[in-house]
Amino acid sequence: MRWSTSFIPTLRDDPADAEAVSHKLLVRAGFARQLMSGVYSLLPLGLRVSDKIEAIIRDEMNRIGGQQFRLPCLHPKEVWERSGRWEKMGGEMFQFEDRRGSEVGLGMTHEEIFTHLVAELGSYKQLPQIWYQFQSKFRDEPRPKSGLLRVREFTMKDSYSMDIDPEGLDLAFDAHFKAYRRIFSRLGFEIVAVEASSGSMGGDQSVEFMLRTDAGEDRVAACGACGYAANVEKATSSIEPAEDGVGLTSPEKFATPGVRTIADLSNFKEGGVPADRQIKTLVYVVDGKTVLVLLRGDHVLAEQKLIDNVEAKELRPAHEQEIQSALGARPGSLGAVGAEGLFVIADEALRGRRDMVTGANEDGFHLRGVEIHRDIEVGGWLDLREVSVGEGCPTCGESLDVYKCLEVGHIFKLGTFYSEAMGAQVLNSNGKSVPIVMGSYGIGVDRNLAAVVESNHDESGIVWPVNVAPFEVVITVVKPKDVKCLEASERIYEALQEDGIDVLLDDRDERPGVKFKDADLIGIPFRVTVGPKGLENGVVEFKSRRDGETRDLELVRASVTIRESVLDQRR
RNA sequence: CGGGGCAUAGCGCAGUUUGGUAGCGCAUCUGCUUUGGGAGCAGAGGGUCGCAGGUUCAAAUCCUGCUGCCCCGACCA
């Protein structure tokens, strides 16, 4: 492609509303433009990268026997009602009426629609199957952010596996696991595969593929010693057992004027205790019922653990008014002692604790000498706390690290939830009708595109890995008006094109400095500079974007060397 | 949904406090000079000042309402 006739709108300044590095660079370098909040247009350069990422994914999906489909974005309400997710997705799904008044929605994922086709399978002899597609997904995110990292319309590769039994699902899951590892390796990512919460997907096991970056929104707890890694939504850890005193024969109320927080109470002079000697009382509304959630004062609730453990349609923190009427006190003085009629869930870390301090359900008062098992009627013990840095690894006991990650892929074992809901059954070898066992596997194409930029850039711009670069080589014609200069450039350009190299010829009538800056900004891995200076000696300059390494190539064999360098880095 | 900020030319911004009919840099177009890391000079084009009301002789500027976008939090496959 010739730069002079291409649409590559580079900008000198960062866009004012961009925060994430990938957002700034993708806009500045002319890969993407925003249309509205969380919705982006891909420009020619952006699409070229997207196409390459898709090609890698397609290659690996085909390798494990995947068959490519294309399903609609526009879905009827009925199909989503059969799985119960029309309601469950709530505001996150774009839902509206067509002109006849039929309710329709934009697909945020395609379990229901694929399962609709899966129902056509009739015999175990047709299994296993792996089906996939690249398709737009629509999710009305509460807060789109960080450019292409969190958007409302995006392209996803989603695949689905169909098997006769759980053992078959294990095989398909494992095949995807390995395919994903290869995909991310070809994208140049060092990823961590972590145990994750399945969230609204249902199912019993899920693995997230995490890329360590501060631009991410998830946090992962990982052990450097044994390799344990899990999303903090699911991660567990071991902590030092607490040593409690004998305590009192019964809880004793004491005045704590002005104390509203755990920190207040630990600094409180008359009767304050450290946070790990306090019981934190949170109030939740679970399907309309008020529930108390207890944690050690210095621990943080991992809300997803609560959601995963209690089967509920709706779960949310209670409003202050609801708290007031349920317990008779405001947050700051809440406690579970004597909280009759309210279900109490306690975190495991509180098990067996004595001589604790908690709110008295009376503003400005707390109780001391509280012994959990004696004084509080706990309805359920659960692991609810979020792990933090330095706590013990649950498998080997070494110290855990916690860091920010971006979710670049997620694979789920769905089981029979959708096949049962949609009536997707086959006859097994005994002639009995059984639901198909399914898995679901996703990779966000645009998110991965942005993720590559997050982990491959420097102060001059993007540094694309050869595998996904929009062009592998840019030929910078220093002086396009000089006939020798242009002719030499054209020769290399044509030779590389014939060899199947993606090459961009910068034949613009611009000053060399502008061309160098632009080439660095858009991040082409290799640059060939053809100028009068070099041509006098029969050479062109060959430069690597990543390490800046430069060497002169004899004009006559330049294209051969360049091709070898490119092919060497393709994977 | 709660809190904060912003909205003026394709991009980045000033002008708003104290109302007087819109400006700077980059980009674009023309000419000349220049040409190996975002050139210089001269000239030119381009704006319903987010939208709708209101106040006023006069509104980018003051008042009211609305919309959009960004950030923090909540939320989130």
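Values reported hereafter were calculated over all heavy atoms of this structure, with side chains retained and with hydrogens, waters and symmetry mates removed. Below, read A as the first sequence line, B as the second, and so on, with proteins coming before strands; counting in each chain starts at 1.
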Next item on the list: Grab the NZ-P distance between A:K145 and B:G4 for me, whole Å please.
Entry: 19 Å

Checklist line | Any side-chain heavy-atom pair of A:T5 and A:R2 under 4.5 Å | finding: yes

Using a 4.0 Å heavy-atom cut-off across all strands, classify [X] as base, sugar-phosphate, or nothing.
X      : result
A:E541 : base
A:S146 : sugar-phosphate
A:E208 : nothing
A:R316 : nothing
A:K479 : nothing
A:M108 : base

With both distances kept under 3.5 Å, what pairs with [N], Watson-Crick or G-U wobble?
N     : value
B:U28 : B:A44
B:C1  : B:G73
B:A7  : B:U67
B:C13 : B:G23
B:G36 : none

Using a 3.5 Å cut-off and no angle test, enumerate the donor-acceptor pairs between side-chain atoms of residues 549-556 of chain A and protein atoms at least two apart in sequence or in another chain.
from: A:T550; atom 1: OG1; to: A:G548; atom 2: O; distance (Å): 3.2

Note to self: I'd like to check the ring pair (Phe, Tyr, Trp, His ring centres under 6.0 Å) partners of A:F209; sequence neighbours left out, ordered by chain and number.
What the structure shows: A:F177, A:Y180, A:F184

Next item on the list: Measure centre to centre between the rings of A:W131 and A:Y160, then say whether the value is under 6.0 Å.
Entry: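 Not close enough - the centres of the two rings lie 6.0 Å or further apart.
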
Checklist line | Near-ring test A:F412/A:H410, centroid separation under 6.0 angstrom | finding: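 They qualify: ring centres under 6.0 Å apart.
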
May I ask you to evaluate whether [X] reaches the phosphate of [N], defined as a side-chain N or O under 4.0 Å from OP1 or OP2?
X      : N     : result
A:R143 : B:C1  : no
A:R511 : B:G36 : no
A:S37  : B:C70 : yes
A:Q304 : B:C75 : no

Item checked: RNA chain B contacts made by residues 441-455 of chain A, counting heavy atoms under 4.0 Å -> none

Checklist line | Under the side chain to side chain donor-acceptor pair (under 3.5 Å) test, residues paired with A:W464 that sit two or more places apart | finding: none

Nearest-Å distance once atom [atom1] is located in both [N] and [M]:
N     : M     : atom1 : answer
B:U8  : B:A59 : C1'   : 14 Å
B:G65 : B:C70 : P     : 24 Å
B:G23 : B:G46 : C1'   : 14 Å
B:C41 : B:U34 : P     : 16 Å
B:C57 : B:G68 : P     : 35 Å
B:A9  : B:U61 : P     : 15 Å
B:A60 : B:U48 : C1'   : 12 Å
B:C49 : B:A7  : C1'   : 10 Å

Determine whether any donor atom in the side chain of [X] lies under 3.5 Å from an acceptor atom in the base of [N], or the reverse, and answer yes or no.
X      : N     : value
A:R527 : B:G37 : yes
A:E510 : B:G38 : no
A:K543 : B:G37 : yes

Next item on the list: Answer yes if the side chains of A:T115 and A:E111 hold a donor-acceptor pair under 3.5 Å, and no otherwise.
Entry: no

Check: According to the interplanar angle, ranging from 0 to 90°, do the rings of A:F542 and A:F526 count as parallel (below 30°), tilted (30 to 60°) or perpendicular (above 60°)?
Finding: parallel

Item checked: Which nucleotide in B:G38, B:G36, B:C71 has an atom nearest any side-chain atom of A:K517 ->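 Of the options given, the side chain of A:K517 lies nearest B:G38.
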
Margin query: Please encode protein proximity along nucleotides 7-16 of chain B as a string of B, S and -, counting only heavy-atom distances under 4.0 Å.
Written below: -----SS---

Note to self: Is it the case that over 12 heavy atoms from other parts of the model lie below 6.0 angstrom from the CZ atom of A:R219?
What the structure shows: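 Incorrect, the count does not exceed 12.
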
Exercise answer: donor-acceptor pairs, residues 20-35 of chain A side-chain atoms, under 3.5 Å, sequence neighbours excluded:
from: A:S22; atom 1: OG; to: A:E454; atom 2: OE2; distance (Å): 2.8
from: A:H23; atom 1: NE2; to: A:Y40; atom 2: OH; distance (Å): 3.1
from: A:R28; atom 1: NE; to: A:L11; atom 2: O; distance (Å): 3.1
from: A:R33; atom 1: NH1; to: A:V27; atom 2: O; distance (Å): 2.6
from: A:R33; atom 1: NH2; to: A:P9; atom 2: O; distance (Å): 2.9
from: A:Q34; atom 1: NE2; to: A:M36; atom 2: O; distance (Å): 3.1

Notebook entry, point to check: So is A:K413 actually on top of A:F173's ring, under 6.0 Å and inside 45° of the axis?
Noted result: yes

